[in-house]
Amino acid sequence: MENYIFKQLSFVRDNTIGHVAEINDETSLSIPEGFNNNIKWNLGHIYVVQEKFAFHFTREKMNLPDQFTELFSPGTKPSDWGEEVPPIHELILLLENQVCRIEKVLKFRLKEAVEQPYTTSTGLTLSTVEEFLSFCLYHEGMHFDAIKSIKRVIQSRSICS
């Protein structure tokens, strides 16, 4: 039962990727009225946060391409982007491989305490590998909902035009 967290991470990730697989780069950049971010930012943000929660806090090597921290960290937004934004297919590929990398490195370390516990913006303190990975489920779920909402607005807008 110890590996159930990895099944959940994989399930959530498959759903996220499934909702964006057919979206092109131009659509991924659209920010509908009432939203602060676009689909591409949400995907990059999911990747960056999970990379930090799985690897940074466990002192493992992160796989963060150049500029990902500046583009997708908490507090960033697409309106601040320059020209160097990765294409959506690159983000999808990184997301597809991330959960397997996490499981490979951390599957026997779930109960291990991290050196520096982290308190989320919502006030939850994370102190074990399992707690960090469990929080990733909640975090990705929030951004998955944002992606679905943005996609729904974009699709309804294109139907009406």
Side-chain angles (χ1 to χ4, degrees), residues 1-21 28 31 34-82 84-151:
M1 201 57 166
E2 175 175 85
N3 289 334
Y4 189 68
I5 186 78
F6 299 112
K7 290 178 185 173
Q8 289 178 315
L9 288 168
S10 183
F11 174 80
V12 170
R13 184 56 53 86
D14 289 348
N15 275 281
T16 299
I17 292 169
H19 262 75
V20 299
S28 77
I31 303 174
F35 292 88
N36 296 323
N37 296 304
N38 54 35
I39 289 172
K40 186 178 282 191
W41 182 89
N42 278 280
L43 293 173
H45 180 73
I46 289 167
Y47 181 81
V48 166
V49 168
Q50 197 150 321
E51 200 68 17
K52 287 183 179 181
F53 278 17
F55 299 110
H56 171 76
F57 288 99
T58 60
R59 298 197 177 272
E60 294 290 342
K61 184 176 178 351
M62 292 191 298
N63 179 23
L64 278 178
D66 290 344
Q67 297 186 321
F68 268 49
T69 301
E70 294 83 10
L71 294 170
F72 304 118
S73 288
T76 62
K77 54 188 182 295
S79 60
D80 293 336
W81 289 351
E84 295 296 317
V85 180
I88 191 168
H89 68 84
E90 181 181 321
L91 288 168
I92 291 171
L93 184 61
L94 287 166
L95 288 163
E96 284 174 341
N97 294 316
Q98 189 178 42
V99 174
C100 287
R101 287 181 31 250
I102 291 169
E103 182 173 11
K104 186 176 179 182
V105 173
L106 300 176
K107 67 181 166 187
F108 299 114
R109 296 175 58 189
L110 294 175
K111 302 299 180 191
E112 182 180 304
V114 298
E115 281 185 37
Q116 284 204 316
Y118 175 80
T119 301
T120 68
S121 61
T122 54
L124 179 64
T125 299
L126 309 171
S127 57
T128 67
V129 172
E130 189 171 40
E131 290 171 2
F132 275 89
L133 296 181
S134 292
F135 189 81
C136 287
L137 295 168
Y138 165 76
H139 180 260
E140 185 161 343
M142 286 189 335
H143 290 282
F144 174 69
D145 186 58
I147 290 167
K148 287 189 335 183
S149 296
I150 292 168
K151 185 177 169 183

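Just so you know, residue 1 is the first one in the sequence shown, and it goes up from there.
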To the nearest 0.5 Å, how far apart are CG in Leu93 and NE2 in His89?
9.0 Å
Start with the C-alpha distance between Phe55 and Arg101, add both sets of side-chain angles, then the distance that settles side-chain contact (heavy atoms from CB on, under 4.5 Å), and finish with yes or no.
CA-CA 10 Å; Phe55 299 110; Arg101 287 181 31 250; 3.2 Å; yes
Looking only at non-hydrogen atoms, find the nearest pair between Pro78 and Asn36 and report the distance.
CD-O, 3.9 Å
Looking at Asp80, I'd like to know if its CG atom is crowded, meaning that more than 12 non-hydrogen atoms belonging to other residues, nucleotides or ligands lie closer than 6.0 Å.
yes
Taking all non-hydrogen atoms of both residues into account, name the closest pair between Arg13 and Leu95 and its distance.
NH1-O, 3.0 Å
Interatomic spacing from CZ in Phe53 to NE2 in His139 - rounded to 0.5 Å:
7.0 Å
Find out whether Tyr47 and Asn63 are in side-chain contact, i.e. whether some heavy atom of one side chain is under 4.5 Å from a heavy atom of the other.
yes
Supply the atom-to-atom distance Leu94 CG to Leu64 CG, rounded to the nearest 0.5 angstrom.
9.0 Å
Please work out which of the three classes, parallel, tilted or perpendicular, describes the rings of Phe57 and Tyr118, given edges at 30° and 60°.
tilted
Search all heavy atoms of Leu126 against all heavy atoms of Phe132 and return the closest pair with its distance.
O-CE1, 3.5 Å
When rounded to the nearest 0.5 angstrom, what distance separates CG in Leu9 from CD in Glu140?
8.0 Å
Evaluate salt bridge (Lys or Arg N to Asp or Glu O under 4.0 Å) for Glu60 paired with Arg109, printing each intermediate quantity in order.
CA-CA 12 Å; Glu60 294 290 342; Arg109 296 175 58 189; 2.4 Å; yes
For Lys52 and Ser73, which heavy atoms make the closest approach, and how far apart are they?
NZ-OG, 3.6 Å
Nearest-0.5 Å distance that lies between atom CD1 in Ile39 and atom CG in Leu91
12.0 Å
Work out which heavy atom in Thr119 is nearest to a heavy atom in Thr125; give both atom names and the distance.
OG1-OG1, 2.8 Å
State whether the side chain of Lys77 and the backbone N or O of Trp41 hold a donor-acceptor pair below 3.5 Å, judged by distance alone.
no
Whether Thr58 side chain and Ala54 backbone form a donor-acceptor pair below 3.5 Å:
yes
Minimum heavy-atom separation for Ala146 and Phe35, please, with both atom names.
O-CE2, 4.4 Å
Show your working on side-chain contact (heavy atoms from CB on, under 4.5 Å) between Thr120 and Tyr138 and close with a plain yes or no.
CA-CA 12 Å; Thr120 68; Tyr138 165 76; over 6 Å; no
With side-chain contact (heavy atoms from CB on, under 4.5 Å) as the test, would you mind laying out the steps for Ile150 and Asn42 before giving the verdict?
CA-CA 10 Å; Ile150 292 168; Asn42 278 280; 3.8 Å; yes
Begin from the C-alpha positions of His56 and Glu51 and carry the test side-chain contact (heavy atoms from CB on, under 4.5 Å) through to its verdict.
CA-CA 7 Å; His56 171 76; Glu51 200 68 17; over 6 Å; no
Do the rings of Trp81 and Phe72 sit parallel, tilted or perpendicular, given the 30° and 60° boundaries?
perpendicular
Any chance the side chains of Glu131 and Ser127 put a donor and an acceptor closer than 3.5 Å?
yes
With distance as the sole test, does Thr76 use its side chain to make a donor-acceptor pair with the main-chain N or O of Leu71 at under 3.5 Å?
yes
As an exercise, state the distance from CZ of Phe144 to CG of Leu43, rounded to the nearest 0.5 Å.
11.0 Å
